[in-house]
Amino acid sequence: MSEILDLSHVTLSDRPLIVCDVDDVVLNFAAPFQDFLRESGHELLPRSFRLTGNIVSIATQEAMAELEVKRTIGAFFEAQETWQTPFDRVGETLESLAEDADVLFLTAMPPRFQEARRRLLDRLGLTFPLIASEAPKGPIMKRLHAERALPSVFIDDMAHNLHSVRDHVSDSLIIHMMPDSPLHLLAPKPDDSIVRAMDWPHAGELINTHIGRASSR
Ligand SMILES: [Mg+2]
């Protein structure tokens, strides 16, 4: 299924571009999703880096079927405003960076959950433009930025997204950020060339250096 991605709500200025994933970078996903599962008598067993096969009934330990896993993730995204919370210092860090750069959120979720995500981000003061797409992130970032002679930054928790942007946009600062959830500790590791930020203040320092801006802290 090809998706025609509408980017008409995104207007970039002649400043550096910072593109930022949302789940498990800006908003917690892994931790609240497990709380959400427990409400329906399920738990996530960190046996491998996938949800299907590892979500089991607490009572019987029977694994949830694939279709039901999809439905459950959808139900979580529908209820995200009740469940998802921001990471420490994300708001103040992005706000400070936005004084000298354009900030965009690029979230890999079905576009039908975009409105709930928009409301939640707005409520948290994270009013930067949002793109919701399940298409590979590298080509999207290339479409946004590739012809511009300005610094760019991409932040994500998933190796395949980090590699996708590295392979499509030259000279971008690619930053790996992830929570130390049991599931993430099983995730494929990004290549050694990709820098890891331990938290938002650290990410802010790396970004300030890359875009040639004195740290405001
Ligand atoms: Mg993510």
Side-chain angles (χ1 to χ4, degrees), residues 3 5 17-37 44 46 48-52 54-55 69-70 72-81 83-91 93-94 97 103-114 116-118 120-121 124 126 128-141 144 152-169 172-191 194-200 202-204 206-207:
E3 174 191 333
L5 183 60
L17 174 64
I18 300 167
V19 176
C20 185
D21 177 37
V22 178
D23 285 305
D24 279 334
V25 172
V26 170
L27 300 175
N28 285 289
F29 174 86
F33 183 62
Q34 291 180 69
D35 295 338
F36 178 78
L37 289 175
L44 176 63
S48 62
F49 188 65
R50 56 203 299 266
L51 297 176
T52 303
N54 291 329
I55 297 175
V69 171
K70 278 209 177 112
T72 302
I73 295 168
F76 177 77
F77 281 139
E78 245 159 52
Q80 62 183 283
E81 290 163 90
W83 291 92
Q84 292 195 266
T85 54
F87 281 84
D88 279 351
R89 312 278 300 272
V90 59
T93 305
L94 287 178
L97 291 165
V103 176
L104 284 184
F105 292 129
L106 176 53
T107 192
M109 61 165 33
R112 69 180 183 280
F113 303 118
Q114 185 163 353
R117 172 134 297 172
R118 179 73 275 166
L120 173 55
L121 290 169
L124 297 168
L126 299 163
F128 308 108
L130 170 68
I131 301 166
S133 169
E134 292 178 291
K137 294 192 174 186
I140 295 176
M141 183 134 169
L144 288 164
S152 70
V153 179
F154 176 73
I155 312 158
D156 205 290
D157 61 317
M158 296 289 178
H160 65 274
N161 292 328
L162 300 165
H163 296 160
S164 173
V165 171
R166 179 201 58 195
D167 294 345
H168 284 84
V169 183
S172 195
L173 172 67
I174 312 285
I175 298 179
H176 182 217
M177 273 183 89
M178 67 169 207
D180 24 295
S181 76
L183 194 66
H184 277 82
L185 297 176
L186 295 167
K189 302 275 177 288
D191 291 350
I194 288 168
V195 62
R196 169 120 187 241
M198 300 315 292
D199 53 26
W200 271 101
H202 184 203
L206 294 168
I207 295 168

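Order of appearance sets the numbers: ligands from 1, and atoms from 1 within every ligand. We number each residue from 1, following the sequence as shown. These values consider heavy atoms only, across backbone and side chains, with no hydrogens, waters or symmetry-generated copies.
Near the Mg ion (ligand 1), less than 2.8 Å away, sit the protein N, O or S atoms Asp21 OD2, Asp23 O, Asp157 OD1.
Looking only at distances, no side-chain donor or acceptor of Asp191 sits under 3.5 Å from a matching main-chain atom of His163. Without hydrogens or angle criteria, Gln84 side chain to Asn28 main chain gives a donor-acceptor distance under 3.5 Å. Proximity of a side-chain donor or acceptor of His176 to a complementary backbone N or O of Val195 within less than 3.5 Å is not detected.
Taken to the nearest 0.5 Å, the NZ atom of Lys137 stands 6.0 Å off from the OG1 atom of Thr107.
Using bins of under 30°, 30° to 60° and over 60° for the plane-to-plane angle, the ring pair Trp83/Phe36 lands in the perpendicular bin.
Using a 4.5 Å cut-off on side-chain heavy atoms (C-beta onward), Asp24 and His184 make contact.
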